[in-house]
Amino acid sequence: MNITIDKLSKDIVNHILADIGSLEGAGHVTFHLNKREKWAVAKNWKDIITNILNSALSKDQIYTAAFDGGATPNPGDMKIGGWIRDTNGTRIYAYTEEIGHGTNNEAEYRSLIKLLEELKKRGIKKVNIQGDSALVVNQVNGKWKAKDPKMKELKNKVLAITGVDYNLEHVLRAFNSEADSLT
């Protein structure tokens, strides 16, 4: 039987809520929360349980991920996108976001930063990441120097994110089409 972590987290929260409901119904406990506040608490519990399960299950697994970013025109309106897949190849996370005005290179860096922050938040320890920006991949991997102050600052932000062991690989744009489609 295959079950996603999201489904398992929802099931756990539903069981907790049912137990609380029976205690509340029996008069053993009373909560002074309205329905909206109860749903907010349930969502927080689900997020906490999801993170715990992700952390427990991801210790030795190697995930895959990709990022992309662009600006139209360049410089112009920046948009970023990316995804994370588990070891079965199931996409467990994707993002698309408009992030303001800047260059293509800034967007690429900001997309990688968002991806790394999400990996860390989910407790994913090992990941192979691909991106089609030769500049970002080679600067982060130490093959090229970041001479531009803005690129140096963004590179340092990437390197400051700890807790994720990643292999960053440059791929041709044609092999990054899924992340590209999210931008």
Excluding sequence neighbours, so at least two apart, what forms side chain to side chain donor-acceptor pair (under 3.5 Å) with [X]?
X      : value
Lys43  : Asp47
Lys121 : none
Arg110 : none

Heavy atoms only: give me the nearest [X]-[Y] pair and the separation to one decimal.
X      : Y      : value
Val137 : Gly131 : CG2-O, 4.0 Å
Asp132 : Leu172 : CB-C, 4.2 Å
Tyr95  : Phe67  : OH-CB, 3.8 Å

Tell me which pairs pass salt bridge (Lys or Arg N to Asp or Glu O under 4.0 Å) where either residue lies in residues 155-170, with sequence neighbours left out.
Glu153-Lys157
Pairs meeting criterion salt bridge (Lys or Arg N to Asp or Glu O under 4.0 Å) with involvement of residues 135-144, two or more places apart
none
Check: [Y] and [X] side chains under 4.5 Å, non-hydrogen atoms:
X      : Y      : result
Val136 : Leu154 : no
Met78  : His101 : no
Thr162 : Lys120 : yes
Leu112 : Val140 : yes
Asn128 : Tyr63  : no
Val158 : Leu116 : yes
Ile129 : Leu115 : yes
Leu119 : Tyr93  : no

What residues form a ring-ring contact (aromatic ring centres under 6.0 Å, His included) with Tyr166, not counting sequence neighbours?
none
When you look at Glu117 and Ile161, which way does the side chain to side chain contact (heavy atoms under 4.5 Å, CB included) test go after all the steps?
CA-CA 7 Å; Glu117 288 172 344; Ile161 299 169; 3.9 Å; yes
How far does [atom1] of [X] sit from [atom2] of [Y], to the nearest 0.5 angstrom?
X      : Y      : atom1 : atom2 : value
Glu108 : Gln139 : CD    : CD    : 11.5 Å
Glu106 : Asp148 : CD    : CG    : 8.0 Å
Ile84  : Ile92  : CD1   : CD1   : 5.5 Å
Ser111 : Lys79  : OG    : NZ    : 12.0 Å

Under the side chain to side chain contact (heavy atoms under 4.5 Å, CB included) test, which residues partner [X], sequence neighbours left out?
X      : answer
Ile12  : Leu8, Ile16, Ile49, Leu53
Ala134 : Asn138, Trp144, His170
Thr90  : Asp86, Asn88
Asn74  : Ala71, Thr103, Asn104

Run the side chain to side chain contact (heavy atoms under 4.5 Å, CB included) test on Lys152 and Asn156 for me, step by step, so that the C-alpha distance in whole Å, both residues' side-chain angles and the decisive distance to 0.1 Å come before the verdict.
CA-CA 6 Å; Lys152 193 173 194 174; Asn156 288 336; 4.1 Å; yes
Can you list the steps and then say if Thr96 with Ile80 is a side chain to side chain contact (heavy atoms under 4.5 Å, CB included)?
CA-CA 6 Å; Thr96 298; Ile80 62 173; over 6 Å; no
salt_bridge(Lys114, Glu118) N-O dist < 4.0 Å
no
Sequence neighbours excluded, which residues qualify as salt bridge (charged side-chain N to carboxylate O under 4.0 Å, His left out) partners of Lys145?
none
Go through the steps to decide whether Lys126 and Gln61 satisfy the test side chain to side chain contact (heavy atoms under 4.5 Å, CB included), and finish with yes or no.
CA-CA 7 Å; Lys126 297 178 184 177; Gln61 297 181 6; over 6 Å; no
From CA spacing to verdict: side chain to side chain donor-acceptor pair (under 3.5 Å), Ser133, Tyr109
CA-CA 9 Å; Ser133 171; Tyr109 260 116; over 6 Å; no
